[in-house]
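Below is one structure; the comments refer to it alone.
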Protein chains: 2
Amino acid sequence: MSANPTPRPRFREQLLRVREDAIVSSVNRLLAERGYDQMTVDQVAADVGIAKASLYKHFASKEALAAAAMVRVLDQALAEVADLAERQPAIAPLQALRAITGWAMQQQLAGCMPSLPAQNSALRSALLGHKGYVDRVMTLSDRLGAWITAAQADGSLDPDLPPELVLYTLYARACDPVLGLLRAGGTYSADESVQWVLRTCFEGLQAKPATPQRSAREQLVATG
Amino acid sequence: MSANPTPRPRFREQLLRVREDAIVSSVNRLLAERGYDQMTVDQVAADVGIAKASLYKHFASKEALAAAAMVRVLDQALAEVADLAERQPAIAPLQALRAITGWAMQQQLAGCMPSLPAQNSALRSALLGHKGYVDRVMTLSDRLGAWITAAQADGSLDPDLPPELVLYTLYARACDPVLGLLRAGGTYSADESVQWVLRTCFEGLQAKPATPQRSAREQLVATG
DNA sequence: GTCTATAAAAAGATAGAC
DNA sequence: GTCTATCTTTTTATAGAC
């Protein structure tokens, strides 16, 4: 009998992963460009350069394709969080939240942020039944939640706000259409657009009350 | 010859309008519940209670249905703006913007805000070719733009922000998914949810620097 | 696993009688 | 204008050879 009944299993595995990675890349881009409903499996197959039937050997359904894309971007977000915590262990929690949100916005403008419709219940069910997806969402929410709690404790984040409101808001801003509209206007670069939307997100639309110009009484006291 | 070749044309017209109004109501609700891509013409016909072919006698396409729903909600928004300007002529521009945005958020939570995908280019083209829709969007943007300019002039709205950023942001908040998520949590009523999201929109996530607690020196001066 | 070819079903739109 | 019945296209998914 042969000494290697299954020669180089690692190599085959690696090849499989590379192929599936290419598929997920295509899905990711198409989801970012066209959204879930407008993306077709034929487009994915054509983009990857394989037959549609081959695609279904790797992923069981269109929903599975979307889930895989979400898992990847969630892993990237988790890596970004870990990187931030490692490189800047002393970073203020509010600044950490701002950095992660800015990273997500950059991803969106770069066409790397898959966008799924909130209203497609079939897709929603499929995602909630996908353990890998749910686990990552919970882990990321835990990490962000810790920063939110800390930022509220140190007084940099409004302590009155329900933490879940903050969490939802940050997730939503990662897909905020305002970003694309502002960028499409042509007046601002991608980075500038991100800074503007980040600013409105954290500092609001209203003018700051005191910081820019002190009150007359305060000025009198300080001067006299 | 008969004295009335076309008997009671007004009555027929009125009947037609009532029917089309019922259609638009169904479309509006389905667009709010399921979104454009997940809404089917069959569902609309079934909801109205007429045959699909009859539907196509009133509206030429699915895109036309969506456009009609948007026109109606834009008219409602314009009526709200006019009502605000008439009943409270002295209202501060910032408060006017806040009131209109809050009204839109209430509409969303009530299931009356049709949501169209930003990425469907076919739909986008159809809308941009629809004069009634474009006119109303421009008119509403003009009204809001006037308030934005005024609010920046009186210093209540951050004067550094590009006005188009503010405009885009207000439009986007009318469809903000955060609202539905917060409401779905069950902790807050619809009105409370609107207030929370309004607050984060205008005041941001960060804590205010000075307003909530005055500085020690200021307190000393005020007390002594 | 990859391919070609083909279901199978959904959905937008229309024909033609009344 | 409203209906039933049908068309046409698109799209998800699979059969079966290699």
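We name chains A, B, ... by the order of the sequence lines, and we start the count at 1 in each one.
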Can you find a side chain N or O atom of [X] that sits less than 4.0 Å from OP1 or OP2 on [N]?
X	N	value
B/Y56	C/dA13	yes
B/T40	C/dA11	no
B/S54	D/dG1	no

Can you tell me the distance, in whole Å, between the [atom1] atom of [X] and the [atom2] atom of [N]?
X	N	atom1	atom2	value
A/F59	C/dG1	CZ	C1'	14 Å
B/L55	C/dT14	CG	P	12 Å
A/H58	C/dT2	NE2	C1'	9 Å
B/L30	C/dG12	CG	P	12 Å
B/D37	C/dA10	CG	C1'	14 Å
A/Y36	D/dT12	OH	P	8 Å
B/L65	C/dA11	CG	P	15 Å
B/E63	C/dA13	CD	C1'	12 Å

Salt bridge flag under 4.0 Å for residues B/D176 and A/R173: yes
Salt-bridge present (A/E13, A/R17; N to O < 4.0 Å): no
Given [options], identify the nucleotide with an atom nearest to the side chain of [X].
X	options	answer
B/R19	D/dC3, C/dC3, D/dT2	D/dT2
A/K52	D/dC3, C/dC3, D/dA13	D/dA13
A/K62	C/dC3, C/dA13, D/dA13	D/dA13
A/D42	D/dA13, D/dT11, D/dT4	D/dT11

Atom pair CE/CD of A/M113 and A/Q107 - distance to nearest 0.5 Å: 6.0 Å
Sugar-phosphate only, base, or nothing, as touched by B/K57 at under 4.0 Å among non-hydrogen atoms: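 Contact class for B/K57: base.
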Cation-aromatic face contact B/K62/B/Y36, 6.0 Å, 45 degrees: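 Ring-cation test returns yes.
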First encountered from the 5' end of DNA chain D, between A/V41 and A/A53: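 First, find each residue's nearest nucleotide; the 5'-ward one identifies A/V41.
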Between A/R34 and A/T40: side-chain donor-acceptor atoms closer than 3.5 Å: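 Checked: A/R34/A/T40 side chains show no N/O donor-acceptor pair below 3.5 Å.
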